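Just so we're on the same page: letters track the sequence lines, and every chain starts at 1. What you are looking at is a predicted structure, and each value in this text was computed from that prediction instead of being measured.
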Amino acid sequence: MNVFSDFVNRVGEAVAALAAAGDLPTSCDISRISVEPPRDASHGDIATNAAMILAKPAGLKPRDLAEKIAAKLGEAGDVASAEVAGPGFINITLDASYWHRVLATVLKDGPAFANSDIGKGAAVNVEYVSANPTGPLHVGHCRGAVFGDALANLLQRVGYHVAREYYINDAGAQVDVLARSVHLRYREALGEKIGDIPEGLYPGDYLKPVGESLAWIHGHALLGEESAWLETVRTEAIDAMMDLITEDLAALGIRHDVFFSERSLTAEGGDRIADAIAFLAERGHIYEGRLPPPKGQLPEDWEDREQTLFRSTAFGDDVDRPLKKSDGSYTYFASDIAYHLDKFRRGFGHMIDVWGADHGGYVKRMKAAVAALTGDEADLDIKLCQMVRLFRGGEPVKMSKRAGDFVTLREVVDEVGADPVRFMMLFRKNDAPLDFDFVKVTEQSRDNPVFYVQYAHARVHSVLRNAAEAMPDLDLGDGALASADLSGLTDVAEIGLIKRLAEYPRALESAAIAHEPHRIAFYLHELASDFHGLWNRGKDSPQLRFINAAHPALTMARLGMIKALAAVLADGLSILGVEAVEEMR
RNA sequence: GUCCCCGUAGCUCAGCUGGAUAGAGCACCAGAUUCCUAAUCUGGGGGUCACAGGUUCAAAUCCUGUCGGGGACGCCA
């Protein structure tokens, strides 16, 4: 049950009634009409701009039209008042009984009261992490990983059919470097002294077990020419790295549905990259031509040459993009085109790519490619995640540039736990830089939003436990609470809490439409704040406490209220992938 | 030189895709607190939404330009 869509309907009915009465043209565009909570509480519970939108086509003054609409809306029994304000807003104040009914619905249906079907079962592909399989994930990958996962949860929550996908870059030169690095460890495992790791190879110790494993399996069989062992070592090294990566992700509670191998695009004699280019060529988007030299610092080996180009400028890009390198192999962009065509052909009309902000320059060409490939039948949204800066007690954590010496995702998760990491990564808009402090995120204080929200949930359960002890005669089962008489909830803070709960469906939908899971985190923080505030008022005003032994009926109503609150908190936290604990300890 | 993101209270950031008098948390100031259910509470000051134009009933939000910060600019992915 969504309060706002309820009133979208009511406004629509009022407008239709006026049209039937001849006060309005029959064909009005009502799509621009908004029904939303006013920023200022003195403006009531719901505000609509309907009269201001319709005034011009109706040939009426906004306020006059507003009076007519307000009169219609005011006829409903649960509307306490519908008043015209400002330039033509209609401010609607609802009767407490309306809010009691909303709360009853939340209690009866649980989180399902916020179910939405804006996704309509449409298939959406969320691609995230997609880190090169050359080593463990570092902290920089962490944000995109959590963001993508929460976004996938969110879209699933509002009725999309979601695939979580990881694109394995297992075809470029860097996996050959990985193979050579592993081969060195293999020789080391066979007893050879390898000394320092040469410049340009991956030095990390995490490759040692891979080398040892190769030594066990292959003995001395891989000691010949590189061409003889490269493929074998590369394959096993990539497998080992992906095992490492999926373990790291699992520690964060992340599991992908699909791991798509870049190499598979050209495996088994096929060449789907060539196919994709041919597909574009048939539509006239490919040509042979020259590009102006890149601005900024000119690469040393720049040469002006004729090459195969994608006409991305026809789709909003700044320059056309090359698809083949000078050695004849495909550019990364070319395989990405084939990859996105594959996604489209697998039935995804909606695609979302989650990238680091340093890939920002790549956005236009990728969107251009998807537009060209799908003829605008599919859409691609690209979410860029900004940097995470690490702090410890306010001091920046130094990360040496030296290769191999980075803070891994695993180190962060092992130290502070998955929940704080996930929540903090989502407590900021994705395109804003984020400061992560190892000390602050585990503090048990109201300054720490992770704790603040989790504690609200735990506190509800604490109250329920105390109630069971203090009033053993009460039936605190879901059924009893759902049928409690809620009419005793009259304090503004209590009604305010219910109003906040009623905003949840709208918060879900707007977050899903905007592809912005952080809005859920902020909503939960506000909800927790309402609850803690109400709890604290019980200090000075004992009659407001949730447990009131002298008034069992009122106690039931209040316990029902906080039970509903806990359900919404738990539902929201599950979207963020954070556990809703029942005790803090 | 071109493109993308950002610029909101002293600090860190929200602002529901165009709504009414722009919000929250820190920090600061002033009170309350041998009360209790679990980790104090209440109030207050503080703003030219970087700047200048434009679009309209209405702009922090959309468009153009300027300034400032970050990032990216065949053959790294």
Heavy atoms only, 4.0 Å cut-off, all strands: where does [X] land among base, sugar-phosphate and nothing?
X        : answer
A/Tyr523 : nothing
A/Ala85  : base
A/Pro62  : nothing
A/Arg446 : sugar-phosphate
A/Pro449 : nothing
A/Asn132 : sugar-phosphate
A/Glu262 : sugar-phosphate
A/Arg465 : base
A/Ser510 : sugar-phosphate
A/Phe333 : nothing

At less than 4.0 Å, is any side-chain N or O atom of [X] found next to OP1 or OP2 of [N]? Yes or no.
X        : N     : result
A/Arg459 : B/A38 : no
A/His518 : B/G15 : yes
A/Arg39  : B/A20 : yes
A/Lys429 : B/U8  : no
A/Asn536 : B/C41 : yes
A/Lys56  : B/C57 : yes

Residues in salt bridge (Lys or Arg N to Asp or Glu O under 4.0 Å) contact with A/Arg545, at least two apart in sequence or another chain: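 None.
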Partner residues of A/Asp431 under the salt bridge (Lys or Arg N to Asp or Glu O under 4.0 Å) criterion, sequence neighbours left out: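 By the salt bridge (Lys or Arg N to Asp or Glu O under 4.0 Å) rule, A/Asp431 matches no residue at all.
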A/Asp353 side chain vs A/Ile382 backbone, donor-acceptor pair below 3.5 Å: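 No.
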Counting only heavy atoms not in [X] (residues, nucleotides, ligands), do more than 12 fall under 6.0 Å from its [atom1]?
X        : atom1 : answer
A/Met387 : CE    : no
A/Lys499 : NZ    : yes
A/Glu469 : CD    : no

Secondary structure of RNA chain B in dot-bracket form (Watson-Crick or G-U wobble, distances below 3.5 Å, | marking inter-strand pairs): (((((((..((((.....[...)))).(((((.......))))).....(((((..]....))))))))))))....
A/Trp535, nearest nucleotide to its side chain (from B/C57, B/U37, B/C35):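 Taking heavy atoms from C-beta onward, the closest nucleotide is B/U37.
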Ring centres under 6.0 angstrom apart (A/Phe436, A/Phe391):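 No, they do not, as the ring centres are separated by 6.0 Å or more.
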Conformer about C1'-N of B/U17 - syn within 90° of 0, anti elsewhere: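 Glycosidic conformation of B/U17: syn.
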